[in-house]
Amino acid sequence: QLKEKMKEQSWNILFAERGHGVSMFRTKKTRDLVVRGIPEALRGELWLLFSGAVNDMASNPGYYTKLVEKSLGTCTLATDEIERDLRRSLPEHPAFQSDTGISALRRVLTAYAFRNPQIGYCQAMNILTSVLLLYAKEEEAFWLLVAVCERMLPDYFNRRIIGALVDQAVFEELIRVHLPQLTDHVMDMTFFSSVSLSWFLTLFISVLPIESAVNVVDCFFYDGIKAILQLGLAVLEYNMEKLLTCKDDAEAVTVLNRFFDSVTNKDSPLPPAVQQGSNLSDTKSDHPKLDITDLIRDSNERYGDICYEDVESLRCRNRLYVIQTLETTTKQNVLRVVSQEVKFSPSELEELYELFKKEHFLSCYWSVNSPVLQHHDASLPYLDQYRIDCQQFRVLCHLLSPWSHCANRDSLALWTFRLMDENSNCLINFKQFACVLDTMYNGSFTDKLKLLFKLHIPPAFTEVESLNLSKGNDLSREELIHFSQLSVSSVGDNLESDSLKSSPEKEKGKVDIQAYLKQWQDELLKKEENVKDLPRMNQSQFIQFSKTLYNLFHGDPEEELLYQAIAVVTSLLLKMEEVGRRLQSPMSPVRSPVAITEMAAEVPRERQEESSSEQTEGSRAHSLEGNHEWSFAFEQILASLLNEPAFVRFFEKPHDIKAKIESAKNLQLKARTRV
C-alpha cells in the first residue's frame with residue numbers, strides 16, 4: 001500500500017507539471033510511470049484517457065443506458081455465447097464469483113453485441129472486459145471495449161480474426177529482423193503465430209497472472225499494439241537458449257508457459273488470494289522469478305525503436321498476403337466439404353466455384369441495390385459469405401445446366417432456386433448450387449426424375465406460375481425477381497392448369513400448408529430421402545410436368561420416340577388412377593381422362609402451331625371442369641417411365657460439363673449483359 005501511495009504521489013506531481021485529463025502532455029516521464037504500473041486508484045481514469053474512450057463517452061451521454069435497455073432480453077447467437085462464457089471470465093477473482101460482477105459483465109458484452117452486430121461477440125472479449133470492469137465503472141468499461149475493438153485492435157474480434165492474423169505476420173517479420181538466430185533454428189515460422197495468438201487477443205491476460213497482466217494492459221492503452229509486439233519479442237529473447245534446445249513445438253510451449261508462471265508483480269496491492277503468481281511460489285521451477293516491471297522495461301529498452309508508423313507499414317504489407325492465404329485455405333476446406341456431396345472432379349468443382357464466386361462479385365459491383373450486397377456479412381462462415389440470388393442463378397443455369405436448351409428454362413431455374421432456398425431469404429450458397437448441378441450431370445435416372453418431380457410440387461412450384469405459363473413465353477426479368485421473393489406462405493395454393501386460365505371464376509382448391517412445410521422440413525433433415533415421403537403430384541402439376549418433359553426432349557435424336565413414350569405413359573397413368581378411383585368408390589361417376597391425355601399429347605403440336613385458337617382452349621378447359629382432381633405418387637411415375645427405354649437412355653446420357661465450364665468462362669459477362 002505504501003508503494004501505491006508513492007505511485008499516486010508521482011502521478012499527482014506529473015499532473016501538476018504536465019496537465020491533468022485530456023490536456024495532459026505525454027512525455028518520457030509519463031512513459032516511465034506507465035512502465036512502473038499505473039496505481040489502482042488512477043488506472044480506470046488513465047485507461048479512458050490514453051485510449052480516447054473518454055471522448056466517446058462524453059460525446060454520447062446516456063447512450064450506454066439506452067443500449068442496455070434495448071438489448072435487455074434479446075436472444076441471439078451472440079447472447080447464447082456470452083452466457084456460456086460468463087462463468088469462465090476470471091473465475092478465481094472474487095469480483096466474478098457473485099451475481100453482481102457476472103451481471104455487469106453480461107450487460108457490457110450484450111450491449112456491445114447489440115451495438116456492433118458485425119462483431120457481435122468473440123471469445124477473448126469476455127476476458128478483456130472482465131479486467132476492464134475491475135478498474136472502471138460499467139459504462140466506462142463499455143467505452144473502453146469499444147475503443148479496443150473498433151480502433152486499437154481493428155478486425156481482431158470477428159470469426160476470421162483477420163486483424164490478429166495480420167499482426168501475427170507482423171510479429172514474424174519482427175522476429176526475423178531482431179531475433180535471426182531463433183528463425184534460423186525454427187524452420188516453421190507458423191509456430192510463433194500459433195503460440196502467440198492468445199497473447200494478442202487477450203493482451204497477455206490469458207497467460208500471465210492477473211496482477212502482472214494489468215501492467216501490460218497499462219502499456220497497451222498508452223502505446224497500442226506496439227507494446228504487445230515489444231513484449232512478445234522480449235519474452236522470446238528471455239527464453240532464447242531454452243527454445244533453441246527444444247526438439248518440438250510441444251516442448252517449446254511448455255518452456256514459455258513455465259516462464260509466464262514465473263512472472264510476478266512485487267508492487268501489486270492485490271490480496272494473496274487473488275494473485276495467481278503467489279500460488280506458484282512453492283512449486284519447483286527452473287525459471288527464476290522475474291518482475292513484470294523489469295520485463296516491460298527491458299522490452300522498451302531493447303525494442304523501443306519500433307515505431308507505430310513501421311507497424312502500420314508492416315500491417316499494410318502483410319494484410320493482402322494474410323487475406324489471400326486465408327481465402328485459399330478456407331476455399332480448400334469448402335471444396336473438401338462439398339466434394340463429399342457431389343461426384344464432380346476436384347478441378348471441375350474448383351472451376352465451378354470460381355464461376356459462382358465471380359457471379360457473386362459481379363452482382364455486388366453491377367447493382368448498388370443488389371440483395372447479395374445487402375446480405376453480405378464477413379463474419380459468416382466462409383461457405384455462406386458468397387451467395388447468389390435468383391437472377392444470378394438464372395444466369396449460371398443458362399450457362400451450365402444440361403437442360404438449358406429447354407424452352408421453359410427460366411421457369412425451371414426459378415423452381416430450382418425455390419427448391420434450394422431453404423431459408424426463404426432469396427439467397428443460396430455454393431454447396432446448394434453444386435449439389436443440384438451434380439444431380440443434373442451425375443445423378444442416376446431416379447435422381448434426375450426425382451428432381452424434376454420436386455420442381456413441380458410445392459415449395460418450388462406455386463400458383464403464381466399459372467400467370468405466365470399460359471403465355472407460352474419465358475419469364476421476364478421483373479417477373480422472375482418478383483416470383484423469387486414470394487413468401488413461402490403461398491406455396492399451398494393449387495396451380496390451375498393452363499387450359500383453365502380462361503375460367504377465373506373457378507374456385508381454386510387449397511392444400512394443407514402446414515403439412516407441406518412439415519414434410520419438407522423433415523425431408524431436409526434426412527440424409528437419405530425416402531421417395532415414399534414425397535407429396536403426390538396433382539392434376540395441374542402433372543400437366544406442367546409433362547410439358548417440361550416435352551420441352552427437354554426437343555432437339556434430341558430420339559425426339560419422336562420420346563414424344564410417343566410420354567403420351568403412352570401419360571395415358572397409362574391416368575387409366576391406372578381411374579381404375580383406382582372406381583375400386584375405391586364404384587358408385588361415383590368418373591369421367592374419361594381422354595381430354596387430359598389429349599392436352600398432354602398436344603404439347604408438341606403447340607410448339608409447331610403457336611397460334612392455337614383461344615376458343616379451342618376454352619372449350620377444352622370447360623370439358624375438364626367437371627373432372628375430379630387426379631394425383632400421382634412419385635413411385636407410379638417412376639415405374640411407368642422405367643418401362644420406356646427411350647426415357648432411360650435420355651436421362652442416363654452423359655453430359656460434358658468441362659465444355660460447359662469453358663464456354664461459361666467466356667460468356668458469363670455477356671450473359672449478364674443480355675439479362
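Numbering of residues begins at 1 and proceeds along the displayed sequence. Heavy atoms only: backbone and side chains are in, while hydrogens, waters and symmetry mates are out. These numbers come from a predicted model, not from an experiment.
In the displayed structure, E241 atom CD is contacted under 6.0 Å by at most 12 heavy atoms of other residues, nucleotides or ligands.
Within the structure, ring-ring contact (aromatic ring centres under 6.0 Å, His included) contacts touching residues 27-82 (residues at least two apart or in different chains) are W47-Y135, W47-F221, F50-Y222, Y63-W143, Y64-F142. Every pair passing salt bridge (Lys or Arg N to Asp or Glu O under 4.0 Å) that includes a residue from residues 220-238 is listed here, sequence neighbours excluded: R31-D223, E237-R302. Among pairs with a residue in residues 95-121, those fulfilling salt bridge (Lys or Arg N to Asp or Glu O under 4.0 Å) read E83-R106, R87-D99, R107-E138, R115-E150, at least two apart in sequence or across chains.
Partners of D80 according to the salt bridge (Lys or Arg N to Asp or Glu O under 4.0 Å) rule, which considers only residues two or more places apart in sequence or in another chain, do not exist here. For E17, the side chain to side chain contact (heavy atoms under 4.5 Å, CB included) test picks out I13, K29, with sequence neighbours left out. Residues satisfying the salt bridge (Lys or Arg N to Asp or Glu O under 4.0 Å) test with R336, not counting sequence neighbours, are none. In this view, E4 satisfies the salt bridge (Lys or Arg N to Asp or Glu O under 4.0 Å) rule with no residue, not counting sequence neighbours. Taking the ring-ring contact (aromatic ring centres under 6.0 Å, His included) definition, one finds that Y156 meets it with nothing, sequence neighbours left out. For K66, there are no salt bridge (Lys or Arg N to Asp or Glu O under 4.0 Å) partners, not counting sequence neighbours.
Listed for the Q324 side chain is no donor-acceptor partner under 3.5 Å among the backbone atoms of Y321. Using a distance-only test at 3.5 Å, with no hydrogens or angles considered, no donor-acceptor pair links the side chain of D389 to the main chain of L427. In this structure a side-chain-to-backbone donor-acceptor pair under 3.5 Å is present from N318 to L314.
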### Criterion side-chain contact (heavy atoms from CB on, under 4.5 Å) on L290 and T264, from CA distance to verdict
CA-CA 6 Å; L290 176 65; T264 62; over 6 Å; no
### Message
Using side-chain contact (heavy atoms from CB on, under 4.5 Å), reason through L90 and E92 one step at a time and then give a plain yes or no.
### Response
CA-CA 5 Å; L90 298 185; E92 71 285 343; 3.6 Å; yes
### Task
Begin with the C-alpha distance, continue with both residues' side-chain angles, and end with the deciding distance and a verdict on side-chain contact (heavy atoms from CB on, under 4.5 Å) for S299 and L233.
CA-CA 7 Å; S299 70; L233 292 171; over 6 Å; no
### Message
Quick one, D155 with R319, criterion side-chain contact (heavy atoms from CB on, under 4.5 Å). Give me CA distance, side-chain angles, the key distance, then yes/no.
### Response
CA-CA 11 Å; D155 290 336; R319 186 174 183 83; 2.6 Å; yes
#### Entry: side chain to side chain donor-acceptor pair (under 3.5 Å) assessment of T30 paired with T27
CA-CA 5 Å; T30 310; T27 63; 3.2 Å; yes
Indicate every side-chain donor-acceptor pair of residues 304-313 with a distance under 3.5 Å to a residue at least two apart or in another chain.
unit_1	atom_1	unit_2	atom_2	d
Y308	OH	E312	OE2	3.2
E312	OE2	R315	NH1	2.8

List the atom pairs, with distances to 0.1 Å, where a side-chain N or O of residues 67-76 and a protein N or O form a donor-acceptor pair under 3.5 Å, not counting sequence neighbours.
unit_1	atom_1	unit_2	atom_2	d
S71	OG	L67	O	2.9
S71	OG	V68	O	3.2
T74	OG1	S71	O	2.7
T76	OG1	A78	N	3.4
T76	OG1	T79	N	3.3

Would you tabulate the side-chain donor-acceptor contacts of residues 195-207 under 3.5 Å, counting partners in other chains and residues two or more places apart, or write 'none'?
unit_1	atom_1	unit_2	atom_2	d
S196	OG	Q168	OE1	2.7
S196	OG	F192	O	2.5
W199	NE1	V195	O	3.4
T202	OG1	S198	O	2.6
T202	OG1	S206	N	3.3
T202	OG1	S206	OG	2.9

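The pair E211-K266 fails the salt-bridge criterion, with no side-chain N (NZ, NE, NH1 or NH2) lying under 4.0 Å from an Asp/Glu carboxylate O.
Side chains of H178 and E173: a donor-acceptor N/O pair is absent below 3.5 angstrom, by distance only. In summary, the side chains of D298 and Y303 do not present any donor paired with an acceptor at a separation below 3.5 Å, with no hydrogens or angles considered.
Ring geometry for Y353 versus F430: interplanar angle over 60°, hence perpendicular rather than tilted (30 to 60°).
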